[in-house]
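Handing you a structure now.
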There are 4 protein chains.
Amino acid sequence: MAERGYERASIAEIAKAAGLSPGLVHYHFTQKQEVLLALVEQLAQRGRERVKARLARTKGGPRARVEAFLEAFLATGDDAEPEAVAAWVTISAEALRQPEVRAAYDKVVRADLAHLEELVGEVLGRERARAVAAGLFATIQGYFVLSTATPGLIPPGSAVGTVKRMAAGLLDPDGAEARR
Amino acid sequence: MAERGYERASIAEIAKAAGLSPGLVHYHFTQKQEVLLALVEQLAQRGRERVKARLARTKGGPRARVEAFLEAFLATGDDAEPEAVAAWVTISAEALRQPEVRAAYDKVVRADLAHLEELVGEVLGRERARAVAAGLFATIQGYFVLSTATPGLIPPGSAVGTVKRMAAGLLDPDGAEARR
Amino acid sequence: MAERGYERASIAEIAKAAGLSPGLVHYHFTQKQEVLLALVEQLAQRGRERVKARLARTKGGPRARVEAFLEAFLATGDDAEPEAVAAWVTISAEALRQPEVRAAYDKVVRADLAHLEELVGEVLGRERARAVAAGLFATIQGYFVLSTATPGLIPPGSAVGTVKRMAAGLLDPDGAEARR
Amino acid sequence: MAERGYERASIAEIAKAAGLSPGLVHYHFTQKQEVLLALVEQLAQRGRERVKARLARTKGGPRARVEAFLEAFLATGDDAEPEAVAAWVTISAEALRQPEVRAAYDKVVRADLAHLEELVGEVLGRERARAVAAGLFATIQGYFVLSTATPGLIPPGSAVGTVKRMAAGLLDPDGAEARR
DNA sequence: CATGAATGAGGGTTCATTCAT
DNA sequence: TATGAATGAACCCTCATTCAT
């Protein structure tokens, strides 16, 4: 599904790639959609682990923790998973049409966003945390889309740095805005 | 295609919605894909006009012009076009798989991004403008995705304000970062 | 469908028998079920014509008209249509499960039964006509089933005569019962 | 099978309803068809018992015994088994296509019919008994079909009475016909 | 420029049946 | 006896595309 998209990934091909017979796929998954839902869960799980791992080795304060979260999604190192990113973009597109996919996607996004909001909340007051977290999260999603759909457009390696500067600006209590 | 997605939007249904016969659609478009490519062009055109209109009525300096650009994509007023946003998200997902769509998408994104980069360049030096513009553009794309795939998640009306604050932070010469 | 039954009559086979491509069958019939519904209509039409024709050439009184109706369904002559009978039995079985088929079947049966009831009503009072007509109609249906499912069981040619005697008994005002 | 029809009653579902595993069903029945054949036997057995029970408590003469037989199949009381009737209609439809089912169905019908013929033979001479019994049996089958496929059409409770009057007419030695 | 019937490949899904355990 | 994963054929249905008119 990451390679071909949801519709063009046929059950027959999925089965073949997994070394299964087409019938067996339907023995384990009632519908094709459930394969996608399972993928959502898998990616969500992997994402949570990445965040957890990054936070675990973060020594700094609240700001550093927010940055660790952003790095977990955007760092381009050995652990970058371009296929997972492509899968995630595919899922978000399917979430527009399939209610069940939307529900699963929504749940994952809410959980991640809640986590980021919590981290942001340690720096800012709660009232602004929601919008700030949502903005940073949107930036992550946007980088996902652009990095897969228009490869080469984003200056390589710039994503993490840029989003961190965005975070810095948003988390700055007396804001750049104030100084204008 | 905005409603059903590319694959599920059948030529027959498209024709019906347009008051045409299926055969006539193929008289004007060699392949189904061309309908999508035409949609890309249409949306791009509309987007350019929105930006142009916003910039035309902007009185402020360079910073205000950057903000006008951001507003053109994210302002939630009478001229909001949720269906166009859904179409755009669909297009970006198709760009992952179909080379021709990718090319068209890429072209549009590059043009828009170049425009934003130019506006940003009036504030910052050229060297940082690219990454900053890319970051802000990614945020816009991300808001597009989240607003259509998880409606209700983004605090209503917060997008423009948040992205403006992000811009302010990024455009601030001695940056919040510097003060840390 | 008359030959193989509803489930085992595949669209591919139906198409082939009709000299059509499978896709074309679905161009004219939304679902396989609609083919069956069309068959119901066709059989009903043919049935009505048979009754009409028999009644047209009947010279006798009300009793003869009832008998003409019965003959239209059970006479075993040149115009016997064993395949139509098999189709009708198949339809009645499908009517048990498929609501749409049931509705179509019900409509046809009600119309035929109403006609018979009217004919019977000319002999008996209205109040008993319903039950008598229903009984004779049931006998017709039963002969249909038995003649196709257990060929050779029914003494050849006995159906019409027997059901006419049944009718005579039921239509007899002072009934055989009375004399017991 | 009574609920869904033969084809749509999957082994998996049958197994589940019986609290068995699909594999075990095939341990006891070589083919799915055998499940249907077993059902035929079961229904036949139950039918024979019903007739036997009715005859056992019948005090009257030959005519009463014929009526007892008819009541065994059509009486609508506490012991009515609509599901069994639906099953029987299903079986008769399958008998049209599957030779083995036809054989089983044929055997059961012949046995029942022979019994009825015997009872009728005690009133009439042997030579007419066959056709009369077949007619009455056909009526029973027809009521089965109509009562399940078009519920509400047959005046409730009218079946037994009507078929008894039919029997009376047929069994009347100097027949209604004679008096016409 | 326009219609809409026609094609045929391909996809999701079901399911009787098998079989290792 | 019993399980339930596994198979693979078959089926209904969809749909982009073609084409005679």
Subject >> Side chains of D:Gln33 and D:Gln98, donor plus acceptor under 3.5 Å >> reply: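 The criterion, which ignores hydrogens and geometry beyond distance, is satisfied for D:Gln98 and D:Gln33.
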Original post:
Tell me: OH of D:Tyr6 to C1' of E:dC15, nearest whole Å?
Top reply: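 Roughly 12 Å, once rounded to whole Å.
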Subject >> Any B:His26 side-chain nitrogen or oxygen under 4.0 Å from OP1 or OP2 of F:dT17 >> reply: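 Indeed, a polar side-chain atom of B:His26 lies that close.
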Subject >> Criterion side chain to side chain contact (heavy atoms under 4.5 Å, CB included) on B:Glu7 and A:Tyr6, from CA distance to verdict >> reply: CA-CA 10 Å; B:Glu7 293 285 351; A:Tyr6 178 74; over 6 Å; no
**OP:** Would you indicate whether D:Glu81, at its atom CD, is surrounded by more than 12 heavy atoms from other residues, nucleotides or ligands within a distance under 6.0 Å?
**Re:**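 Count over threshold, so yes.
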Original post:
How many Å lie between NE2 on C:His28 and P on E:dG4, as a whole number?
Top reply: 13 Å
**OP:** Starting at atom CZ of C:Arg4, determine the distance to atom P of F:dC11, rounded to an integer number of angstrom.
**Re:** 11 Å
Original post:
Rounded to the Å, how far apart are C:Phe29 CZ and E:dA6 P?
Top reply: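 Computing the C:Phe29:CZ to E:dA6:P distance gives 12 Å.
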**OP:** Verify side-chain hydrogen bond (donor to acceptor under 3.5 Å, both in side chains) between C:Glu49 and C:Gln45, making sure each step is shown before the conclusion.
**Re:** CA-CA 6 Å; C:Glu49 282 163 10; C:Gln45 174 69 17; 2.8 Å; yes
**OP:** Could you pick out which residue, B:Thr30 or A:Gly19, lies toward the 5' side of DNA chain F when each is mapped onto its nearest nucleotide?
**Re:**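 It is A:Gly19 whose nearest nucleotide is closer to the 5' end.
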**OP:** Would you mind telling me which residue lines up with the more 5' stretch of DNA chain E, B:Gly23 or D:Pro22, judged by nearest nucleotide?
**Re:**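 Whichever sits nearer the 5' end wins; that is B:Gly23.
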Original post:
Of all the base pairs, Watson-Crick or G-U under 3.5 Å, which form stems of three or more consecutive pairs involving DNA chain E?
Top reply: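 E:2-21 with F:2-21 - these are the stems of 3 or more pairs that involve DNA chain E.
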**OP:** Would you indicate what A:Ser10 reaches in the nucleic acid, counting non-hydrogen atoms under 4.0 angstrom: base, sugar-phosphate, or nothing?
**Re:** sugar-phosphate
Original post:
By ring pair (Phe, Tyr, Trp, His ring centres under 6.0 Å), which residues pair with D:Phe73, not counting sequence neighbours?
Top reply: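 With sequence neighbours excluded, D:Phe73 shows a ring pair (Phe, Tyr, Trp, His ring centres under 6.0 Å) to D:Phe69, given in chain and number order.
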Original post:
Is B:Glu94 salt-bridged to B:Arg102, cutoff N-O under 4.0 Å?
Top reply: no
Original post:
Picking from F:dT3, F:dG8, E:dG12, which would you name as closest to the side chain of A:Ser21?
Top reply: F:dG8
Original post:
What is the distance from CD of A:Glu7 to P of F:dC15, rounded to the nearest Å?
Top reply: 9 Å
Subject >> Interatomic distance, B:Tyr27 OH vs E:dA2 P [rounded to whole Å] >> reply: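 Nearest whole value for this atom pair: 8 Å.
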**OP:** Decide if atom CD of D:Glu83 counts as having more than 12 heavy atoms of other residues, nucleotides or ligands within a radius under 6.0 Å.
**Re:**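 No, because the 6.0 Å sphere around CD of D:Glu83 holds 12 heavy atoms or fewer from other groups.
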Original post:
What's the NZ-P distance between D:Lys16 and F:dA2, to the nearest Å?
Top reply: 19 Å
Original post:
Taking for each residue the nucleotide of DNA chain E bearing the nearest heavy atom, is the 5' side occupied by B:Leu20 or by A:Gln31?
Top reply: B:Leu20
Original post:
How long is the line joining CZ of C:Arg8 and C1' of E:dA16, in whole Å?
Top reply: 13 Å
Original post:
With a 4.0 Å cut-off on heavy atoms, is D:Ala9 in touch with a base, just the backbone sugar-phosphate, or nothing at all?
Top reply: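 Sugar-phosphate, backbone atoms only, no base.
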**OP:** With DNA chain F as reference, determine whether B:Ala12 or C:Lys32 sits nearer its 5' end, using the nearest nucleotide of each.
**Re:**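 Of the two residues, C:Lys32 wins.
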**OP:** Give one of base, sugar-phosphate or nothing for C:Ile11, where a contact means two heavy atoms less than 4.0 Å apart.
**Re:**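 The answer is sugar-phosphate, as C:Ile11 gets under 4.0 Å only of primed atoms, P, OP1 or OP2.
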